[in-house]
Amino acid sequence: MFGLFTPEAHKQRLPDGSIDPVYKRLRWQLFVGIFFGYAGYYLVRKNFSLAMPYLIEEYGYSRGELGVALAAVSIAYGLSKFLMGNVSDRSNPRFFLASGLILSSIVMLCFGFMPWATGSITAMFVLLFLNGWFQGMGWPACGRTMVHWWSHKERGGLVSVWNVAHNVGGGLIGPLFLFGLWAFNDDWRSAFYVPAFFALLVAGFTILVMRDTPQSCGLPPIEEYKDDYPESYDKSFEEEMTAKEIFFKYIFNNKLLWFIAIANAFVYLIRYGVLDWAPVYLGEAKGFTVDKSSWAYFLYEWAGIPGTLLCGWISDKLFKGRRAPAGILFMVLVTVAVLVYWLNPPGNPTIDMMALISIGFLIYGPVMLIGLYALELAPKKAAGTAAGLTGLFGYLGGAVAANALLGYTVDNFGWDGGFMVLTGSCVLAIFFFIITMIGEKKAYQKQQLELQQQNG
Ligand SMILES: O=P(O)(O)OC[C@H](O)CO
């Protein structure tokens, strides 16, 4: 199986006249592959929550027990995005992306068709852990494709458009579940097998459309094609690296990467803290009914789409490709929206909804920027591992804390305590973005100085 992942050998360069049309066609084809591929991953990542009410009713599991099982996804995903990210940096994304999706779908088919799979918390924990692990194969494979096929200057716009794939996939699981209930006589297990079926179709599609590097298709590297070279670029950027080289040369000693990874932990605490607790908070503290809070949940996800696109555009155009200032701007606005969501007295549901939608609109921009920035902070053969490090912090630090720490805080200190944690996270995320911005400026000045010295 691992032979399947081996990066494809470079092919003889195509004649000059074919390079432009082939590059253009393949870039469209690959974008469709990674967009639908990653949306497919979310179909089989977030669907377990839909089955939870039925698991509570039929099997008598407590919320706490299911919460522990669910935490397995975040723990495994955080570890895997980093470790499988490193494997992905040395693998052909055509098969790597599809393999993770197929394996994740198989786990969901087990939940759908094997009664033992939902028969105990241990079985669910193990299966969800496996699912989280396979899920970690998606982002890095898409990242590898983006850094090999789009040049540095193009990536702000590209990554922000690609990034909305996860909102599209995450938003589709609700309607798919309704379709499953309608098509399969109200069988709630369709929450597992219907998205798994669609995810398998997507996996087949990605195998058809995905390719490895431009050189494996007889094309020049993207830097040459677009005449857009990163400052430190040299020929060695085109050679595949060993795991040791990636970790020790480009990841562990990369200070800016560590700062954005820590910022990501706080950003993810807000992303999942607000999202996962929205139905409970709105019901308990603001008197929302279930259907209203489900809508709020859906709108939070889809508001992220225009917000992400706007953030990418602002970062590229207003801040000339610098990521940290756009991150700071959006996080300051997130803080304001979190304060409104917290302090708005009960009885003003429109303001609550507006605040929640604003958080959804604003938070996915920084989420995207951190992923994009990670891709930019390492050479392209180490990009997946770099993004993986931010995922490790985001999920092991942020998402797990969003469930466990927030739940514990709300139990012991009420919603005011919970919102103090969320507001503190906003402030800390901004703080780490500021440190990154200072580092970003220093690195830029150093590069300019080196360039001046080289030129004369
Ligand atoms: O939370 P992840 O790892 O699925 O990433 C979501 C977004 O794509 C981040 O850029």
Side-chain angles (χ1 to χ4, degrees), residues 31 34-47 73-85 88 97 100-101 104 131-147 155-173 199 260-261 263-276 300-302 304-305 307-309 311-312 315 323 326-327 330 360 362-377 383-403 429:
F31 184 76
I34 57 173
F35 190 93
F36 288 104
Y38 204 56
Y41 266 77
Y42 262 72
L43 294 182
V44 278
R45 170 140 19 134
K46 306 294 283 177
N47 54 330
V73 181
S74 299
I75 297 167
Y77 181 75
L79 289 169
S80 169
K81 192 171 171 183
F82 183 46
L83 297 174
M84 295 306 275
S88 162
L97 186 72
L101 196 48
S104 239
N131 190 42
W133 195 269
F134 301 141
Q135 284 283 321
M137 297 170 72
W139 207 109
C142 296
R144 177 176 161 98
T145 302
M146 288 188 281
V147 292
R155 276 181 217 147
L158 173 90
V159 176
S160 50
V161 178
W162 168 77
N163 195 74
V164 304
H166 80 281
N167 301 97
V168 170
L172 278 177
I173 54 165
I260 57 162
N264 205 34
F266 296 111
V267 169
Y268 267 58
L269 207 161
I270 302 155
R271 173 184 172 188
Y272 283 113
V274 173
L275 181 70
D276 290 349
Y300 179 91
E301 275 293 307
W302 282 57
I305 296 175
T308 306
L309 297 175
C311 187
S315 165
R323 310 303 174 201
F330 270 62
L362 295 162
I363 195 69
Y364 285 107
V367 165
M368 174 277 294
L369 282 179
I370 289 174
L372 166 63
Y373 200 16
L375 294 180
E376 289 173 345
L377 280 174
T385 317
L389 185 78
T390 65
L392 182 74
F393 276 72
Y395 279 87
L396 276 190
V400 173
N403 296 139

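All ligand and atom numbering here is 1-based and tracks the order in the structure. Note that the structure is a prediction, hence the values are computed from the model and not measured.
In this structure, the side chains of Tyr395 and Ile75 stay at 4.5 Å or more apart for every pair of heavy atoms. Counting heavy atoms from C-beta on, the side chains of Val400 and Tyr272 never come closer than 4.5 Å. Within the 4.5 Å cutoff, no side-chain heavy atoms of Ile260 are placed close to those of Phe393.
Contacts between Tyr41 and ligand 1 below 4.0 angstrom, taking non-hydrogen atoms only, are absent altogether.
In terms of protein heavy-atom proximity, atom 1 (O) of ligand 1 is nearest to Tyr395 OH, 2.4 Å. Closest protein heavy atom to atom 9 (C) of ligand 1: Asn163 OD1, 3.2 Å.
Counting the atoms of ligand 1 from 1 in the order shown, those under 4.0 Å from a heavy atom of Lys81 are 2 (P), 3 (O), 5 (O). Ligand 1 places these atoms under 4.0 Å from at least one heavy atom of Arg45: 4 (O). Of all atoms in ligand 1, listed by their number and element, those nearer than 4.0 Å to a heavy atom of Tyr42 are 1 (O), 2 (P), 4 (O), 6 (C). Numbered from 1 in the order shown, with element, the atoms of ligand 1 that lie under 4.0 Å from a heavy atom of Arg271 read 1 (O), 6 (C). Every atom of ligand 1 with a heavy atom of Tyr38 under 4.0 Å away is listed here by number and element: 2 (P), 3 (O), 4 (O), 5 (O), 8 (O).
At a 4.0 Å cut-off, not a single heavy atom of Tyr364 sits close enough to ligand 1 to count as contact.
At least one N or O atom of Tyr77, backbone or side chain, sits closer than 3.5 Å to an N or O atom of ligand 1.
Note on ring orientation: taking the six-membered ring where Trp is involved, the planes of Tyr364 and Tyr300 are perpendicular (angle over 60°, cut-offs 30° and 60°). The aromatic rings of Tyr38 and Tyr42 sit perpendicular to each other, their planes meeting at more than 60°, with 30° as the lower class boundary.
The residue from Leu369, Ile370, Leu377, Leu375 that alone fulfils the side chain to side chain contact (heavy atoms under 4.5 Å, CB included) condition with Tyr373 is Leu377.
Among residues two or more places apart in sequence or in another chain, the ring pair (Phe, Tyr, Trp, His ring centres under 6.0 Å) test is passed with Phe36 by none.
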